[in-house]
There are 2 protein chains.
Amino acid sequence: MSNDLASVEVSVSPAEKFEEYLRSQGMQFTATRRIVLEEVFSDHEHFDADQLVERLSHRKDGRRVGRATVYRALNSMVEAGLLRKVARANDREVYEHDYGYPQHDHLICTKTGEMIEFRNDVIRELIEKVAAEHGFQVTGHRLEVYGLSKEAHEPPKRRHSMLDRI
Amino acid sequence: MSNDLASVEVSVSPAEKFEEYLRSQGMQFTATRRIVLEEVFSDHEHFDADQLVERLSHRKDGRRVGRATVYRALNSMVEAGLLRKVARANDREVYEHDYGYPQHDHLICTKTGEMIEFRNDVIRELIEKVAAEHGFQVTGHRLEVYGLSKEAHEPPKRRHSMLDRI
DNA sequence: CTACCTGCAAAAAGTTTGCAGGACA
DNA sequence: TGTCCTGCAAACTTTTTGCAGGTAG
């Protein structure tokens, strides 16, 4: 009774949820951690640790955060249920929002690196069903579909290409 | 007409397929590479680079292979279509046979690390369908279902022996 | 004042690469 | 003989950790 339409219980903001988690761990919701949180939730794009470090390292204002701190904050946010590691690209873990955002999977273009989100409840149900058949208790999953996005395999226009339509 | 029951065209042995690939790349099917290949195909278990290096590094007979060579061979075997990277465990890439072996996915126990293989064609078809809806051309996928295996979440019962009869 | 944080630099861990000597054709 | 291979060690990459000084309560 809680597996479908995960876009629920968003009555609490990411900041509140993070604070709650940190408190529960005897940690503090410091100004620095708030900066990282805000940067992370400033948009819905996928990102990796390095990109975030980049965005938070050299800034004029006092909002710069060191590499180690960013990594530590990311790990905390994953544990807090705010983020989830969604895939791996260029040998880096890719993160995305996992709070107040419906679960979904990805089509990953092996040529452009583009990641297309999709959601399919039947696949989700089948995963549960298969797991159940094995007495396996599911806590999550990661489905990465590799291939070529429309832009990547559909020749930029004319140029006829070998592959055109089926 | 070639997506189902991938247990086909196994008319060529892994060795032959590897040799063919290497030749096509201007590379040689050396004795060392054969040793790696044989070790890899000596059983159907999942393995990571380190385990293979371990098995091939200190041996009495002349069949020892260095770490760098093992890594290079693994990469070649993946490119040759003999192996595929199947998941990631303990920060290591996990490999499995991808030749003459049907495609499948995995239930991964987050407590014991156990990996249970399963195969579900409906999920497979749905992935194709979803991809098609996005104009995405699938070349492969990776589905890792995380959770607790039967052994991990079902208390060991009394002390009867884990495994007794089914 | 004590406990927790932060940034830096160093350390880990997995994988790749440069190189000198060896093997294959 | 010339090219490809191999093993070693060094290099690289991403992520983690030790530590000294700083901050929150």
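Sequence lines set the chain letters: A, B, ... in the order given, protein chains first and strands last, and positions in each chain run from 1.
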Is any side-chain N or O of [X] closer than 4.0 Å to OP1 or OP2 of [N]?
X: Y71(A); N: dT15(D); result: yes
X: R33(A); N: dC5(C); result: yes
X: T32(B); N: dA23(C); result: no
X: T30(A); N: dC4(C); result: no

Spacing between [X] atom [atom1] and [N] atom [atom2], to the nearest angstrom:
X: L52(A); N: dT14(D); atom1: CG; atom2: P; answer: 15 Å
X: L22(A); N: dG25(D); atom1: CG; atom2: C1'; answer: 16 Å
X: F18(A); N: dC5(C); atom1: CZ; atom2: P; answer: 10 Å
X: E54(B); N: dT15(C); atom1: CD; atom2: P; answer: 15 Å
X: D91(A); N: dA13(C); atom1: CG; atom2: C1'; answer: 13 Å
X: N90(A); N: dT16(C); atom1: CG; atom2: C1'; answer: 16 Å
X: I35(B); N: dT6(D); atom1: CD1; atom2: P; answer: 9 Å
X: E93(B); N: dT15(C); atom1: CD; atom2: P; answer: 7 Å

Query raised in the report: For L22(A) and R33(A), which heavy atoms make the closest approach, and how far apart are they?
Result: CD1-CD, 4.0 Å
Requested in this report: Of all the heavy-atom pairs spanning V12(B) and K17(B), show the shortest one and how long it is.
Outcome: CG1-N, 3.7 Å
Decide, yes or no, whether a salt bridge links [X] with [Y] under the criterion of side-chain N to carboxylate O below 4.0 Å.
X: E39(A); Y: R59(A); value: yes
X: E38(B); Y: R63(B); value: yes
X: K129(A); Y: E133(A); value: yes
X: E128(A); Y: R124(A); value: no

Query raised in the report: Starting at the 5' end of DNA chain D, which residue's closest nucleotide do you reach first, G66(B) or D50(A)?
Result: G66(B)
Report task. Let me know, please, whether R92(B) or Q28(A) comes out on the 5' side of the other along DNA chain C by nearest nucleotide. Result -> Q28(A)
Requested in this report: Would you kindly compare T69(B) and R23(B) by the position of their nearest DNA chain C nucleotide and give the one closer to the 5′ end?
Outcome: T69(B)
Query raised in the report: Which part of the nucleic acid does A49(B) contact within heavy-atom distance under 4.0 Å: base, sugar-phosphate only, or nothing?
Result: sugar-phosphate
Requested in this report: May I ask you to list the residues of residues 73-84 of chain A, by number, that have any heavy atom positioned under 4.0 Å from an atom of DNA chain C?
Outcome: none
Query raised in the report: So, does the side chain of R67(B) form a donor-acceptor pair with the base of dG14(C) at under 3.5 Å?
Result: no
Query raised in the report: Less than 3.5 Å between a donor and an acceptor, one on the side chain of R88(B) and one on the base of dG14(C), is that the case here?
Result: no
**Report entry** Partner residues of E96(A) under the side-chain hydrogen bond (donor to acceptor under 3.5 Å, both in side chains) criterion, sequence neighbours left out
**Finding:** H46(A), R84(A), H104(A), H106(A)
Query - Nucleotide nearest R72(B) when distance is taken to its side chain, options dT6(D), dT6(C), dT14(D) - result: dT6(D)
Which atom pairs, donor and acceptor, lie under 3.5 Å between side-chain atoms of residues 70-83 of chain B and protein residues at least two apart or in another chain?
residue	atom	partner	partner atom	Å
N75(B)	ND2	Y71(B)	O	3.4
S76(B)	OG	R72(B)	O	3.1
E79(B)	OE1	Y21(B)	OH	2.6

